[in-house]
There are 2 protein chains.
Amino acid sequence: MPQAKATIYTVARAAGVSAQTVSRVLNGTGQVSEKTRAAVRAAIEAQGYRPNTVGRSLRASRTPMIGVLVADIGNPFYARLHRAIERRLAGSGYSLMLMNCDDDAQIERRQLDLLRSYRPAGLVIVPSVGSSLDETDLRAFGHVVSVSRVLDDVHVPAIVTDEREAVAAAAAELLALGHTEIAMILGPPEASTTRARAAGFHAAVAGRPGCRGHARHTDGTRAGGEAAAGELLGTHPGVTGMIGFNALVTEGIVSAVRTAGRACPDEVSVIGFTDAGWMTLYQPAISVIDQPVEEMGALAGRLLLDLAAGESVDPGPWVVPSTLIRRGSVAPPATTKESRT
Amino acid sequence: MPQAKATIYTVARAAGVSAQTVSRVLNGTGQVSEKTRAAVRAAIEAQGYRPNTVGRSLRASRTPMIGVLVADIGNPFYARLHRAIERRLAGSGYSLMLMNCDDDAQIERRQLDLLRSYRPAGLVIVPSVGSSLDETDLRAFGHVVSVSRVLDDVHVPAIVTDEREAVAAAAAELLALGHTEIAMILGPPEASTTRARAAGFHAAVAGRPGCRGHARHTDGTRAGGEAAAGELLGTHPGVTGMIGFNALVTEGIVSAVRTAGRACPDEVSVIGFTDAGWMTLYQPAISVIDQPVEEMGALAGRLLLDLAAGESVDPGPWVVPSTLIRRGSVAPPATTKESRT
DNA sequence: CTGAAAGCGCTTACAG
DNA sequence: CTGAAAGCGCTTACAG
């Protein structure tokens with residue numbers, strides 16, 4: 001029959017030992033005789049005692065909790081990231097406190113304050129676009145790892161994918177197929193990811209004399225991607241290949257291509273960024289630069305565990321490579337095909 | 001210059017008052033003279049003091065945190081639910097601790113134990129399929145609200161949508177269009193949602209003499225939905241309409257219909273459950289029973305806030321209605337159309 | 001309007 | 001191998 005309020009003291013009394021000994025049994029620290037251990041276990045069982053993390057955390061001045069602050073958990077990228085971190089941390093005793101900031105620097109700061117009030121052991125952060133956080137803010141947190149987006153002038157371990165190279169390879173593949181005018185529909189210009197992906201795109205185009213590359217910034221949403229892609233298809237009918245900044249923008253591109261009455265891949269090839277279930281359902285299936293979200297999350301969890309254990313961690317940036325998955329949405333441009341026929 | 005370790009005591013000393021007065025200023029409780037208040041505020045500012053929720057929680061025997069336990073945050077339904085609860089709780093001082101249980105009753109129990117060790121103020125739970133939780137487990141949590149799935153014989157406020165009615169209406173619409181053999185690809189038989197949706201489906205079919213309804217259980221994934229739908233299309237070529245249990249199963253149905261070489265909606269009409277971005281991108285756009293996820297999450301947040309404030313809350317179940325969104329994937333069956341032509 | 005004392009549940013030195 | 005004391009940061013009675 002579980003006791004109304006079991007604590008280490010009620011357990012200690014029932015077992016005929018001190019609270020300290022109960023603590024030792026609970027944590028497996030120090031030496032406890034087998035007999036005493038058994039008595040304590042029996043009392044724990046009898047009272048239905050459950051440790052109180054709050055008491056422990058207060059004494060330790062540190063809570064076994066990792067904060068996770070992302071822009072929007074509704075975005076599958078962040079949802080998968082959370083799940084991957086949680087899996088890596090399973091069994092470690094650490095819990096995750098997830099917070100959204102809607103990519104708003106003010107909300108980000110507020111959420112961080114709230115989070116910090118719990119004195120968490122660490123933080124995984126995908127900084128907001130236009131984040132105002134600096135090294136001081138993050139240092140106040142103790143252990144921090146940034147994922148995907150990086151903060152300028154802030155030296156915390158960062159986990160990223162090889163955005164520049166991956167986009168460059170994808171763009172190069174379009175160009176090698178014979179496309180001479182291609183476009184990249186980007187995210188917000190302030191995001192580090194936008195800059196890296198844009199750089200890869202431009203580098204690939206620059207490597208092909210006679211080819212032209214268009215880049216457009218958006219807010220990273222489907223609507224934003226659709227508007228930018230639609231505008232581009234209208235003003236630059238020569239564009240025969242498009243790369244999307246993320247899964248949502250890619251949805252927008254696909255929609256715009258269809259609305260413009262252009263066939264994919266016959267008239268316009270499309271490559272997405274970050275795989276999504278619908279991409280294999282759509283016809284044609286969408287080729288995509290597949291970001292290793294699970295690996296990035298697992299690595300974030302590992303680095304934080306190392307940091308919490310007092311080990312020093314290389315600031316990186318830790319680069320986890322993306323892979324180009326070739327599906328049906330990429331083909332040589334129509335003109336090339338015709339000239340071959 | 002923020003102090004290394006600011007507490008209410010360091011603030012109190014700097015302001016020349018007692019810790020108790022600092023607490024009063026922080027919480028807006030009791031009477032504090034304007035002058036004293038200003039001095040305290042100045043000291044807080046000067047030291048960069050941030051309240052420690054752990055200390056407060058220990059004293060209060062309760063943490064301003066709501067646990068959220070769901071099957072899989074990778075499922076957009078749960079991600080949207082989390083976001084909706086978080087939005088409703090914004091500014092309330094409560095944080096959310098999100099946990100996955102992979103729909104595994106054992107993991108569910110373990111996660112709940114971990115969560116409980118924080119002494120949270122409440123819990124939002126989507127019980128796992130085959131959950132072993134009973135009223136005692138949940139009562140130990142204090143304030144609990146269940147969402148979407150309900151636990152048998154457990155009396156906690158529940159938030160659901162009108163699954164039975166919504167599915168019945170969707171099925172009835174197919175039948176009214178002239179379909180005489182339709183199918184529902186369900187989730188796991190143990191889930192309360194499966195039972196409710198199946199009941200709605202069977203009721204609609206029973207209301208139409210001469211019509212036939214097939215129901216198949218799956219694990220609720222895309223692969224499961226695809227296998228079940230594929231099998232059904234093969235063994236029962238007369239099926240001209242299918243309803244999916246959730247967004248993933250609907251992906252599977254759409255894929256299976258295409259693999260079977262059947263045109264949608266000309267040969268097979270499809271209706272999904274829970275709207276998703278790809279459903280408007282796909283051709284034809286997928287008609288769907290749209291679940292009011294945001295409202296359900298907001299309501300869960302509100303009920304928990306009420307409960308935490310000591311108010312009594314109606315156990316409900318609180319029913320938030322779903323809406324049938326008509327898009328391109330539903331049409332009269334081919335035979336009917338031919339006979340009209 | 002303000003303060004001194006006690007205690008929330010635990011672990012960290014320190015002693016034995 | 002085991003225990004008594006102190007203290008983590010805060011708020012709750014209780015006094016004035």
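All chains are named by letter (A, B, ...) in the order of the sequence lines, taking the proteins before the strands, and each is independently numbered beginning at 1.
Protein atom CG of B:Leu58 is 13 Å distant from nucleotide atom C1' of D:dT12, rounded to whole Å.
Each of B:Asn27 and A:Val17 lies near DNA chain D, and the nucleotide nearest A:Val17 is the one positioned closer to the 5' end.
Counting only N and O atoms by type, the side chains of A:Ser132 and A:Arg109 include a donor and acceptor under 3.5 Å apart. Side chains of A:Arg83 and B:Asn75: no donor on one and acceptor on the other come within 3.5 Å.
When atom types are taken as modelled, the side chain of A:Glu86 and the backbone of B:Met99 share no donor-acceptor pair closer than 3.5 angstrom. One N or O on the side chain of A:Asp103 and one on the backbone of A:Val129 form a donor-acceptor pair closer than 3.5 Å.
Nearest nucleotide to the B:Lys5 side chain, out of C:dT11, C:dG9, D:dC8: D:dC8.
At D:dG9, none of the side-chain N or O atoms of B:Thr7 fall inside 4.0 Å of OP1 or OP2 (strictly under the cut-off). Considering only side-chain N and O atoms, A:Thr21 lies nowhere under 4.0 angstrom from the phosphate OP1 or OP2 of D:dT2.
No N or O donor and acceptor, one from the side chain of A:Arg50 and one from the base of C:dG9, sit under 3.5 Å apart. With hydrogens and angles ignored, no donor-acceptor pair under 3.5 angstrom links the side chain of A:Arg59 to the base of D:dG9.
When both pairing distances are held under 3.5 Å, C:dA4 makes no Watson-Crick or G-U pair with any nucleotide shown.
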